[in-house]
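Okay, so here's the structure we're looking at.
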Amino acid sequence: MESVREIDINVKELYNFVVIELSGRFDVHNISALRTKLDDVFKREEKFIAFDFKNVTFVDSTGIGLIANISRKLKDIDGEIFASIMLMT
């Protein structure tokens, strides 16, 4: 039986963006860890979130749904979401 690998999440600020670097599997089994981090980001009323997916090995429909929900929340507050698979420094 294969063990479920947790997702590694690194949140940092770069200019006026919150950059969320993800590593590993982005799926139903570990999405709650990202939701917790995002709750903190939204409590700070951040409007610009950039996701760095360069080290993500798998995304399921739960992960895609979460990104869609974040996009809607940011749109409601005149914010934006960005996604990248390239190194953001």
Side-chain angles (χ1 to χ4, degrees):
M1 183 169 149
E2 182 179 325
S3 65
V4 176
R5 182 174 184 266
E6 290 293 321
I7 192 166
D8 294 319
I9 305 166
N10 182 30
V11 178
K12 64 182 181 180
E13 293 188 26
L14 181 66
Y15 305 108
N16 60 338
F17 289 90
V18 172
V19 178
I20 300 175
E21 298 171 327
L22 303 174
S23 180
R25 294 178 61 91
F26 183 31
D27 61 20
V28 69
H29 299 290
N30 54 36
I31 200 101
S32 63
L34 181 56
R35 281 192 179 120
T36 300
K37 297 276 186 179
L38 286 166
D39 286 346
D40 293 338
V41 170
F42 281 110
K43 284 178 187 172
R44 297 191 323 248
E45 299 181 359
E46 300 288 351
K47 288 188 171 189
F48 303 102
I49 298 176
F51 283 90
D52 183 349
F53 292 105
K54 76 176 177 294
N55 293 315
V56 171
T57 58
F58 177 81
V59 180
D60 71 1
S61 60
T62 305
I64 293 169
L66 180 62
I67 297 299
N69 286 336
I70 294 165
S71 179
R72 282 191 289 274
K73 282 183 180 181
L74 290 171
K75 184 178 179 183
D76 289 345
I77 60 171
D78 294 323
E80 292 187 58
I81 188 172
F82 300 88
S84 174
I85 58 168
M86 299 180 346
L87 179 62
M88 298 180 71
T89 58

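Atoms considered below: every heavy atom in the structure, side chains included; atoms not considered: hydrogens, waters and symmetry mates. Residues: numbered from 1 along the sequence shown.
Ring geometry for F82 versus F48: interplanar angle of 30 to 60°, hence tilted.
For F42, there are no ring pair (Phe, Tyr, Trp, His ring centres under 6.0 Å) partners two or more places apart in sequence or in a different chain.
Aromatic rings of F58 and F26 (six-membered ring for Trp) have centroids beyond the 6.0 Å cut-off, not under it.
Distance check: K12 NZ to D52 CG gives 7.5 Å after rounding to the nearest 0.5 Å. K54 contributes atom NZ, which lies 10.0 Å from atom CG of L22 (distance to the nearest 0.5 angstrom). In this structure, the separation between CD1 on I81 and NZ on K73 is 11.0 Å, given to the nearest 0.5 Å. A distance of 4.5 Å separates CG in L74 from CD1 in I49, rounded to the nearest 0.5 Å. Separating the NZ atom in K37 from the CG atom in N10 is a distance of 8.0 Å, to the nearest 0.5 Å.
At a threshold of 4.5 Å between non-hydrogen side-chain atoms, the residues L34 and I20 count as touching.
Of the possible polar contacts, one joining the D60 side chain to the V28 backbone as a donor-acceptor pair under 3.5 Å is found. Judged purely by atom type and a 3.5 angstrom limit, N30 uses its side chain to pair as donor or acceptor with the backbone of R25.
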Under the ring pair (Phe, Tyr, Trp, His ring centres under 6.0 Å) rule, what do F51 and F53 come out as? Steps first, then yes or no, please. CA-CA 6 Å; F51 283 90; F53 292 105; 5.6 Å; yes

Between I31 and I7, does a side-chain contact (heavy atoms from CB on, under 4.5 Å) hold up when you go through it step by step? CA-CA 8 Å; I31 200 101; I7 192 166; over 6 Å; no

Quick one: do E6 and H29 satisfy side-chain contact (heavy atoms from CB on, under 4.5 Å)? Show the steps, please. CA-CA 8 Å; E6 290 293 321; H29 299 290; over 6 Å; no

List the steps, then state whether side-chain contact (heavy atoms from CB on, under 4.5 Å) holds for L66 with L38. CA-CA 10 Å; L66 180 62; L38 286 166; 4.0 Å; yes

Verdict with reasoning, D27 to T62, per side-chain contact (heavy atoms from CB on, under 4.5 Å): CA-CA 6 Å; D27 61 20; T62 305; over 6 Å; no

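With respect to E80 and K47, no salt bridge is recorded, no charged nitrogen being found less than 4.0 Å from a carboxylate O.
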